[in-house]
Amino acid sequence: IVVYNVLLGTMRAGRQWKVADEFAMEMVKEGVQLDNYTFSTLISCALQCKAPRDALAWFDRMAAAGIVPDEVTYSTMTLVYSRLGRFDEAVELYENLRLTGWKPDRVTYGSMVNVYARAGKYQKASALIKEMRDLGLKPDAVVYNTLIKFFAREGKTGQAKRVFKEMESYGIKASEFTLSLMIDVHGRSGNVAEAFSLFERMKEEKLPLDTAVYNSLLKMCGEERKVAEGERLITELLERGLKPDEMTYKSLVNLYAKEGRIDEAVKVMQEMIEVGCPIDVVVYSCLIKACGATKQFERAEKFFEEMLVSGNRAD
RNA sequence: CUGGGCGUAGCG
């Protein structure tokens with residue numbers, strides 16, 4: 001069973017939900033006894049792959065198999081309910097467990113911060129962090145990152161900054177995730193200087209830089225029309241041996257298109273095709289919009305037709 | 001170090 005679980009773990013890491021799902025079905029057929037590790041791996045894999053319904057289905061199978069969920073499985077389930085928009089059930093699950101006198105661990109607290117923050121209950125999420133501290137559970141960077149993430153998503157830049165400061169004031173070291181998040185936060189609010197200053201900080205602290213950080217900055221450069229900076233970033237990314245992904249290319253197309261530099265945008269698009277990157281409506285609409293802005297209507301028309309031919313539908 | 005909470009998606 002351990003071997004099977006390890007294999008499932010690999011599929012989870014590779015975000016291969018269909019594969020994992022079928023593999024687990026096969027396990028059941030072969031009569032392998034699934035355990036809490038199996039189920040929690042499956043459930044979290046489904047969750048990561050945006051298949052929360054499947055996660056629920058496996059939770060039901062778990063009950064049917066008479067396996068009693070442990071803390072890990074339960075805390076994964078609070079996230080499942082939360083992602084399904086069933087906030088009340090997530091909280092209910094947590095509260096019921098607490099009634100049994102069980103003491104949640106750091107990760108469970110982290111999950112609940114996630115649940116509350118997703119539901120927009122920020123005061124409650126913050127209260128949980130305080131509760132952790134009072135209990136001596138030492139909130140870590142991950143808990144704070146969770147909260148920052150939701151503030152970032154909602155465009156609540158000020159709140160995100162506040163949490164970031166609070167975290168540092170407690171002597172919790174910002175991880176590369178934290179700084180990456182904060183770079184994204186500043187990028188979204190057009191705070192170019194702050195974003196780059198945190199980027200410098202990451203370099204000084206020798207934190208690992210990956211494509212995601214560059215993507216955040218590139219996106220910002222697109223919005224803020226900083227083509228030269230954007231080009232510097234892409235060069236640097238390649239020099240570091242990082243691999244541009246779909247988002248990197250999209251940001252680049254946007255960067256050029258926003259400036260009306262359609263030929264360059266098209267060059268990026270061709271490169272996308274070469275490396276097998278899917279071209280979607282977003283890419284085409286960037287180009288079409290750029291044509292509109294530069295009054296090249298016949299060219300816009302051409303892109304539109306090309307889009308339809310390539311199997312994309314106008315949305 | 002067999003499993004659970006955090007970063008680049010979403011009104012372009």
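In what follows, chains carry the letters A, B, and so on, assigned in the order in which the sequence lines appear, proteins first and then strands, with residues in each chain numbered from 1.
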[Y] backbone acceptor or donor facing [X] side chain under 3.5 Å:
X        : Y        : answer
A:Asn145 : A:Ile148 : no
A:Arg133 : A:Pro139 : no
A:Thr41  : A:Gly9   : no
A:Asn5   : A:Tyr37  : no
A:Thr76  : A:Val72  : yes

What's the [atom1]-[atom2] distance between [X] and [N], to the nearest Å?
X        : N    : atom1 : atom2 : result
A:Ile1   : B:G3 : CD1   : P     : 13 Å
A:Asp140 : B:G4 : CG    : C1'   : 13 Å
A:Arg12  : B:G3 : CZ    : P     : 9 Å
A:Trp58  : B:G3 : CH2   : P     : 19 Å
A:Leu42  : B:G4 : CG    : C1'   : 13 Å

Sub-4.5 Å side-chain heavy-atom contact between A:Thr157 and A:Glu194: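 Answer no - side chains too far apart.
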What nucleic acid atoms does A:Val6 come within less than 4.0 Å of, heavy atoms only: base, sugar-phosphate, or nothing? sugar-phosphate
Along nucleotides 6-12 of chain B, 5' to 3', which nucleotides get a B, which get an S, and which get a -, given that the test is a protein heavy-atom distance under 4.0 Å? BBBBB-B
Can you say whether a donor on the side chain of [X] sits under 3.5 Å from an acceptor on the base of [N], or the other way round?
X        : N    : answer
A:Ser111 : B:G5 : no
A:Thr108 : B:G4 : yes
A:Ser40  : B:G3 : yes

Candidate pair A:Glu205 and A:Arg201, rule salt bridge (Lys or Arg N to Asp or Glu O under 4.0 Å), full reasoning: CA-CA 6 Å; A:Glu205 296 184 4; A:Arg201 173 169 158 191; 2.9 Å; yes
Taking the same atom, [atom1], in [N] and in [M], what whole-Å distance lies between them?
N     : M    : atom1 : answer
B:C1  : B:G5 : P     : 14 Å
B:U2  : B:C6 : C1'   : 22 Å
B:C11 : B:G7 : C1'   : 22 Å

Got a sec? Which of residues 62-72 of chain A come in under 4.0 Å of RNA chain B, heavy atoms? A:Asp70, A:Glu71, A:Val72
Do other residues, nucleotides or ligands put more than 12 heavy atoms under 6.0 Å from A:Lys203 NZ?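 Yes, NZ of A:Lys203 has more than 12 neighbouring heavy atoms, counting only those of other groups under 6.0 Å.
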I'd like to know whether the aromatic ring centres of A:Tyr74 and A:Tyr94 sit less than 6.0 Å apart in this structure.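 A:Tyr74 vs A:Tyr94: aromatic centres not under 6.0 Å.
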